[in-house]
Peer 1: 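Before I ask anything, here is the structure I am working with.
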Amino acid sequence: MTPRERAWTIPRLCTEDARPMAREDFFPHAEIEPRWQRRWQEEGLARTGRRTGRPKFYLLEMFPYPSGHMHMGHVRNYSIGDALARFKRMRGFDVLYPMGFDAFGLPAENAAIKAARERGETLNPRDFTEQSIASITADLRRMGFSHDWEREVATCRPFYYRWNQLFFLQMLECGLAERRSAAVNWCPECKTVLANEQVESGKCWRHTETDVEVRQLDQWFLKITAYAEELLSSLDTLGGWPEHVKTMQRNWIGKSQGTVVYFPLADRRPGEPESVEIFTTRADTLYGVTFMSLAPEHPLVEILTRGTDREAEVRAFVSRTVTQDRFARTAENREKEGVSLGREAINPLTGERVPIFAANFVLMEYGTGAIMAVPAHDQRDFEFAEKYGVALKVVIQPEGGTLDPRRMTGAFVEPGVQVNSGPFDGLPSTEGLTRISEFVEAQGFGRRTVQYKLRDWLISRQRYWGTPIPVIHCPSCGPVGVPTEQLPVRLPDDVDFGHDGNPLASSPSFTAPVPCPKCGAPGRRETDTMDTFIDSSWYFLRYLDAANGDVPFRRDAEAKWMPVDQYIGGVEHAILHLLYARFFTKALCDLGHATHREPFARLFTQGMVCKEHTFADGTTRSVKMSKSLGNTVDPRLFVGDRHIGGTDEGRTGADALRLFMLSDSPPENQLDWSDESMEGASRFLNRVWRFFLTQTGEGRLGSETGAPKGEGGDFRREIHAAIRGITEDYERFAFNTAIAKARQLFRALETFAAAPDADAALLRQGAETFLLLLSPIMPHVCDELWSRLGHAESIFTRDWPAHDDGALAVSEVEIAVQILGKVRGRVTVPAGSDQATVETAAMAEPNVARHLEGKTVRKAVFVKDKMINFVAS
RNA sequence: GCCGGAAUGGCGGAACUGGCAGACGCAACGGACUCAAAAUCCGUCGGUCCUCGCGGACCGUGAGGGUUCAAGUCCCUCUUCCGGCACCA
């Protein structure tokens with residue numbers, strides 16, 4: 001046991017000592033905290049709509065994935081949310097603060113596979129998941145979080161996922177969902193395909209060591225690209241989102257304006273298209289095209305070389321390149337490679353013939369899969385041209401300089417002046433861009449267009465633990481949607497997790513022939529399941545009407561509660577989840593389910609919980625707590641395990657842990673775990689506890705309810721300054737400074753109480769205000785002390801205190817006196833004194849006078865009640 | 001490479017629209033209590049220097065420049081770190 005750990009256990013061990021620390025010197029959390037949790041539940045504190053006629057506030061936290069039990073990341077996330085929920089309730093809002101579980105996903109399934117392979121046991125992911133849900137629920141309740149559990153959802157239950165299936169079928173009907181063959185990302189570790197968003201630099205988002213492979217497969221897609229423009233443009237309406245998250249989404253959507261240009265094919269043979277279409281954002285460089293490049297997968301590559309003497313070489317290049325996985329092919333600094341097709345196209349603007357290549361760096365998925373190459377003004381083309389000996393043609397000159405194509409060591413990509421560009425010579429290239437695009441369009445050589453990097457959302461997963469895609473494959477009708485009255489298509493139990501491949505395909509009952517809904521012929525069920533990001537794309541809507549068995553959610557509930565007023569979660573979801581949820585919300589509007597097109601009005605991204613870790617190379621850094629690094633701290637160390645049938649009381653209880661979670665760092669920063677700081681939080685809580693016990697014991701904090709006698713002076717002002725400051729701090733998520741101000745108020749309270757002639761009524765007012773202000777953060781101890789002050793009702797039935805501007809007024813202020821910007825003294829003057837008064841007082845200050853000696857004051861800058869600055873020389 | 005964000009004591013951080021840098025906490029140090037320790041309480045706490053002391057001077061918010069009576073805060077240049085994207089034509 002470390003000295004630190006011993007310190008925490010002292011209150012329980014020292015009761016037999018010669019001078020025992022009285023038991024009530026420490027907050028008896030194990031007894032008091034659960035008692036208040038029960039009482040809040042009985043009173044329905046968390047229930048939405050408890051008091052009618054109040055404005056709504058929908059507060060949402062990203063729901064947890066139930067793996068094992070609650071971890072520090074959850075504690076931090078929900079400590080932030082719960083403080084805000086309680087604050088908003090006291091501020092007069094009808095708060096909707098729900099909780100649920102993102103319960104489908106790989107960890108549960110992998111646990112089942114592991115059990116089957118290693119121990120030959122059958123462990124259904126459902127049991128694993130439901131156990132985790134029970135455990136986390138108990139942990140969250142033990143923390144005293146005021147979630148409305150009557151609205152709980154768990155996405156793995158048919159009662160939830162049937163609606164995923166309904167939405168899918170409706171999307172299928174209107175063409176928003178479709179099955180198509182595509183080159184898709186396959187993670188060999190997950191043994192399933194992944195969406196583009198789940199691939200990070202060629203690696204799986206779950207397995208940062210695993211290269212993603214490319215496979216050509218028939219898969220289900222949702223057409224998120226149909227919403228690309230709206231997803232981008234309506235970001236501008238999200239004033240309550242952090243700018244960096246919006247930027248990430250903008251980059252991901254990747255809009256670029258450009259031009260598609262048709263380059264007629266030279267020496268066209270029968271059966272060949274008339275032209276090669278390319279996409280460019282640099283129409284200003286059109287006169288500088290010296291060759292063209294096609295993606296190796298481009299259909300024209302094969303067509304243009306068929307039967308020519310280049311056929312064999314080109315085919316060899318293509319198969320070599322295409323079988324390389326895409327991410328190796330497009331990796332950083334990848335050598336540019338290509339092969340000439342032996343064919344030419346004609347630049348429609350110049351009539352020049354340019355050779356056509358196939359090149360490894362051209363991507364089939366973007367634009368038209370073909371580019372015009374301008375080596376003088378594009379670095380990639382430059383490198384390629386250098387390697388294959390293609391000429392450069394300069395069409396943009398830097399302002400006041402001249403480029404020599406033979407001497408260039410890299411492409412010139414900056415704006416400049418058009419040269420060698422026919423009628424456009426002499427124009428600034430920025431203007432040339434527009435003018436040439438217009439010209440191209442007017443002449444019928446091409447059309448202006450917009451491209452997005454965003455791709456359609458691949459939702460097929462070859463895994464068991466997800467929503468079954470409700471489709472029947474019929475030999476004659478193809479894929480047919482399951483009729484909605486047959487929903488849900490349930491996950492079967494007769495599954496073998498011990499073998500390779502999709503466990504769902506091993507189920508005899510699920511794979512048994514089913515009649516085609518269209519023609520009745522025997523068909524087979526789709527065994528792919530949905531990406532679990534589908535589940536989290538609309539759960540916030542299900543919370544609104546979670547018990548409804550007839551519709552996913554009632555429209556009036558959606559109209560009343562949406563959008564979410566405040567969403568809180570990790571920034572790691574800035575692209576994936578938040579983009580999908582925005583898309584889904586818009587799609588559900590267009591399917592007639594909802595009316596609000598943006599789900600989250602305000603977004604707060606909280607930082608990770610980190611802890612020191614010493615790496616193999618001997619360096620020590622603070623990094624995210626993770627099981628694999630072994631730098632986790634289990635919250636049960638502090639709240640014990642009695643709530644799940646154990647015997648450990650825990651060291652400090654929930655309030656101290658919650659206080660620490662919000663104390664030191666601003667919530668958007670990473671939080672470094674520190675045993676010492678945690679102890680500091682616990683120390684403060686106990687000090688508060690002792691203070692109130694002593695004061696109520698001595699009767700000074702008895703039941704005086706009369707108005708304070710007299711002004712109250714400084715202490716009264718401190719009370720009201722705390723109310724104002726802390727209220728503002730809560731509103732802007734600055735819990736750390738709110739706590740700092742609460743500590744200051746507490747010290748003032750101690751000082752005031754120590755004065756022999758302290759006004760008991762004012763003392764009581766200060767004490768009550770202090771409890772009210774901290775109650776959202778430390779709800780248990782505050783409610784307990786509140787009741788010990790003689791209140792029968794919970795502190796959470798009280799309104800948030802309001803500050804009195806009159807009480808903030810001061811009679812005297814201290815003014816900083818500067819000479820040439822340096823503070824040379826301070827003077828105390830009546831508040832609101834004018835410049836002349838302050839000047840006189842300032843000049844009388846010895847140190848000021850000394851510095852002004854022999855100098856002439858040329859000017860004095862005066863800020864009322866703050867400072868005066870003499871400009872003297 | 002591109003796009004964001006950040007840099008303040010030994011540490012986490014505070015400082016609302018430019019107006020007294022270092023709130024609050026942690027650590028450290030000194031003291032009280034104790035046989036002793038823990039706990040608890042009180043005090044000190046950016047650096048350098050002058051002064052017996054009271055007090056005072058100079059330096060100080062990543063580096064360099066600028067604007068201003070006044071800059072952690074605004075502008076320019078640079079460095080480092082974090083996050084995102086990355087052959088997207």
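Since this is a predicted model, take the numbers as computed values, not measurements. Here is how names work: the chains are called A, B, and so on, in the same order as the sequence lines, proteins then strands, and each is numbered from 1.
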Peer 1: Write down the partner of B:C26 under the Watson-Crick or G-U wobble criteria, each distance required to be under 3.5 Å.
Peer 2: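 Paired with B:G10.
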
Peer 1: In terms of side-chain heavy atoms of A:Ser665, which of B:G12, B:C69, B:G84 is nearest?
Peer 2: B:G12

Peer 1: From CD of A:Gln257 over to C1' of B:A89, roughly how many Å is that when rounded to an integer?
Peer 2: 15 Å

Peer 1: Distance under 6.0 Å and angle within 45° of the ring axis: does A:Arg743 meet both against A:Phe684?
Peer 2: yes

Peer 1: Need to verify one output field. Residue with the more 5' nearest nucleotide on RNA chain B, A:Trp252 or A:Phe870?
Peer 2: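 Final value for this comparison: A:Phe870.
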
Peer 1: In terms of side-chain heavy atoms of A:Asn251, which of B:G19, B:C3, B:A89 is nearest?
Peer 2: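 Comparing B:G19, B:C3, B:A89 against the side chain of A:Asn251, the answer is B:C3.
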
Peer 1: Near A:Lys624 NZ, under 6.0 Å, is it more than 12 heavy atoms from other residues, nucleotides or ligands?
Peer 2: no

Peer 1: Is A:Asp672 salt-bridged to A:Lys611, going by a charged N under 4.0 Å from an acidic O?
Peer 2: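 Looking at A:Asp672 and A:Lys611, the cut-off is not met.
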
Peer 1: So, is A:Arg747 close to the B:G25 phosphate, meaning a side-chain N or O under 4.0 Å from OP1 or OP2?
Peer 2: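 It does, given that an N or O in the side chain of A:Arg747 lies less than 4.0 Å from OP1 or OP2 of B:G25.
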
Peer 1: Strictly under 3.5 Å: I want the nitrogen or oxygen pairs between protein and nucleotides 43-53 of chain B, one per line.
Peer 2:
none

Peer 1: With rounding to the closest Å, how many angstrom separate the C1' atoms on B:A86 and B:G62?
Peer 2: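 B:A86 and B:G62 have their C1' atoms separated by 28 Å.
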
Peer 1: May I have the distance from A:Asp381 (atom CG) to B:A89 (atom P), rounded to whole angstrom?
Peer 2: 12 Å

Peer 1: The side chain of A:Asn736 lies closest to which of these nucleotides: B:A23, B:C26, B:A14?
Peer 2: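 Per side-chain heavy atoms of A:Asn736, the pick is B:A14.
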
Peer 1: Would you indicate which nucleotide in B:C3, B:A89, B:G56 comes nearest to any side-chain atom of A:Asn847?
Peer 2: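 So the nucleotide nearest the side chain must be B:G56.
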
Peer 1: Of the nucleotides B:A57, B:G25, B:C24, which one has an atom closest to the side chain of A:Ala740?
Peer 2: B:C24

Peer 1: Looking at A:Asn360, does any N or O in its side chain come under 4.0 Å of the phosphate oxygens OP1/OP2 on B:C87?
Peer 2: no

Peer 1: For B:G18, decide between syn and anti, treating a glycosidic angle within 90° of 0 as syn.
Peer 2: anti

Peer 1: For nucleotides 81-83 of chain B, tabulate all protein N/O to nucleotide N/O atom pairs closer than 3.5 Å, reporting atom names and distance.
Peer 2:
none

Peer 1: So if I take every side-chain heavy atom of A:His851 and compare against B:C87, B:G4, B:G56, which nucleotide ends up nearest?
Peer 2: B:G56

Peer 1: Measuring from the side chain of A:Phe361 (C-beta onward, heavy atoms only), which nucleotide among B:C85, B:C87, B:C58 has the closest atom?
Peer 2: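 So the side chain of A:Phe361 is nearest to B:C87.
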
Peer 1: Using Watson-Crick or G-U wobble geometry with both distances under 3.5 Å, which nucleotide pairs with B:C81?
Peer 2: B:G5

Peer 1: Base, sugar-phosphate, or nothing: which does A:Ser256 touch, judged by heavy atoms less than 4.0 Å apart?
Peer 2: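 The answer is sugar-phosphate, as A:Ser256 gets under 4.0 Å only of primed atoms, P, OP1 or OP2.
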
Peer 1: Just how far, in rounded Å, is C1' of B:G84 from CD1 of A:Ile253?
Peer 2: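 Interatomic distance, CD1 of A:Ile253 to C1' of B:G84: 14 Å.
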
Peer 1: Between A:Glu718 (CD) and B:C24 (P), how many Å, whole number?
Peer 2: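 From A:Glu718 CD to B:C24 P: 11 Å.
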
Peer 1: How would you label the contact of A:Lys822 with the nucleic acid (heavy atoms, under 4.0 Å): base, sugar-phosphate, or nothing?
Peer 2: sugar-phosphate

Peer 1: Students often get this wrong, so: under 4.0 angstrom with heavy atoms, is A:Gly254 touching a base, only sugar-phosphate, or nothing?
Peer 2: nothing

Peer 1: B:A15, B:A57, B:C85: which one has an atom nearest the side-chain heavy atoms of A:Arg732?
Peer 2: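 When the side chain of A:Arg732 is considered, B:A15 is the closest of B:A15, B:A57, B:C85.
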
Peer 1: So if I apply the ring-ring contact (aromatic ring centres under 6.0 Å, His included) rule between A:Trp689 and each of A:Phe26, A:Phe746, A:Phe27, which one comes out positive?
Peer 2: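 Option passing the ring-ring contact (aromatic ring centres under 6.0 Å, His included) with A:Trp689: A:Phe27.
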
Peer 1: What is the pairing partner of B:A71, taking Watson-Crick or G-U wobble pairs with both distances under 3.5 Å in any strand?
Peer 2: none

Peer 1: Counting only Watson-Crick or G-U wobble pairs whose two distances fall under 3.5 Å, which nucleotide matches B:C16?
Peer 2: none

Peer 1: Pick the P atom in B:A23 and in B:G47, then give their distance to the nearest Å.
Peer 2: 13 Å

Peer 1: Produce the list of close N/O pairs, under 3.5 Å, pairing protein atoms with atoms of nucleotides 70-76 of chain B; give distances to one decimal.
Peer 2:
none

Peer 1: With heavy atoms under 4.0 Å as the rule, sort A:Thr247 into base, sugar-phosphate or nothing.
Peer 2: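 The residue A:Thr247 makes sugar-phosphate contact but no base contact.
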
Peer 1: So what does A:Ser674 touch, heavy atoms closer than 4.0 Å: a base, only the sugar-phosphate, or nothing?
Peer 2: nothing

Peer 1: Hey, which of these two, A:Tyr366 or A:Ile815, hits RNA chain B nearer its 5' end, going by closest nucleotide?
Peer 2: A:Ile815

Peer 1: If we check side chain to side chain contact (heavy atoms under 4.5 Å, CB included) with A:Trp252, which of these qualifies: A:Ile575, A:Leu576, A:Leu232?
Peer 2: A:Ile575

Peer 1: Ion pair present between A:Lys246 and A:Glu243, side-chain N to carboxylate O less than 4.0 angstrom?
Peer 2: yes

Peer 1: Does any N or O in the side chain of A:Asn869 come within less than 3.5 Å of the main-chain N or O of A:Val861, such that one atom is a donor and the other an acceptor?
Peer 2: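 Checking the backbone N and O of A:Val861 against the side chain of A:Asn869, no donor-acceptor pair under 3.5 Å is found.
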
Peer 1: Does the distance from a Lys or Arg side-chain N to an Asp or Glu carboxylate O, for A:Arg250 and A:Asp236, drop under 4.0 Å?
Peer 2: yes

Peer 1: Kindly point out which of B:A39, B:A27, B:C3 is positioned nearest to the side chain of A:Phe26?
Peer 2: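 Comparing B:A39, B:A27, B:C3 against the side chain of A:Phe26, the answer is B:A39.
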
Peer 1: Could you tell me whether A:Lys387 atom NZ has more than 12 heavy atoms of other residues or ligands within 6.0 Å of it?
Peer 2: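 Atom NZ in A:Lys387 is packed in, count exceeds 12.
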
Peer 1: Indicate, yes or no, whether a donor-acceptor pair under 3.5 Å links the base of B:C87 to the side chain of A:Lys336.
Peer 2: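 Looking at the base of B:C87, it does pair with a donor or acceptor on the side chain of A:Lys336 (distance under 3.5 Å).
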
Peer 1: Nearest to the A:Lys866 side chain among B:C3, B:A39, B:G19, which nucleotide is it?
Peer 2: B:G19

Peer 1: Rounding to an integer number of Å, can you tell me how far A:Arg743 CZ sits from B:G12 C1'?
Peer 2: 13 Å

Peer 1: Run the salt-bridge test on A:Glu229 and A:Lys255 with the 4.0 Å N-O cut-off and return the result as yes or no.
Peer 2: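 Judged by the 4.0 Å cut-off on N to carboxylate O distance, A:Glu229 and A:Lys255 do form a salt bridge.
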
Peer 1: If you measure from the P atom in B:U67 to the same atom in B:C76, how many Å do you get, rounded?
Peer 2: 15 Å

Peer 1: Counting any heavy atom closer than 4.0 Å, what does A:Arg858 reach on the DNA or RNA strands: base, sugar-phosphate only, or nothing?
Peer 2: nothing

Peer 1: May I ask you to say what A:Arg250 touches in the nucleic acid, namely base, sugar-phosphate or nothing, with a heavy-atom cut-off under 4.0 Å?
Peer 2: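 A:Arg250: no heavy atom of the nucleic acid under 4.0 Å.
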
Peer 1: Taking the six-membered ring for Trp and the full ring for Phe, Tyr or His, determine whether the centres of A:Phe660 and A:Phe638 are under 6.0 Å apart.
Peer 2: no

Peer 1: With side-chain hydrogen bond (donor to acceptor under 3.5 Å, both in side chains) as the criterion, how do A:Asn847 and A:Arg850 come out once you've worked through the C-alpha distance, each side chain's angles and the decisive distance to 0.1 Å?
Peer 2: CA-CA 5 Å; A:Asn847 198 45; A:Arg850 192 162 66 81; 2.8 Å; yes

Peer 1: Quick one, A:Glu676 and A:Met678 - any side-chain contact, counting heavy atoms below 4.5 Å?
Peer 2: no

Peer 1: For A:His377, which contact category applies under a 4.0 Å heavy-atom criterion: base, sugar-phosphate, or nothing?
Peer 2: nothing

Peer 1: I'd like to check A:Tyr262 versus A:Arg447 (side-chain heavy atoms, cut-off strictly below 4.5 Å). Are they in contact?
Peer 2: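 The answer is yes; the side chains approach within 4.5 Å.
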
Peer 1: Could you check whether the rings of A:Phe279 and A:Tyr366 sit parallel, tilted or perpendicular, using 30° and 60° as the cut-offs?
Peer 2: perpendicular

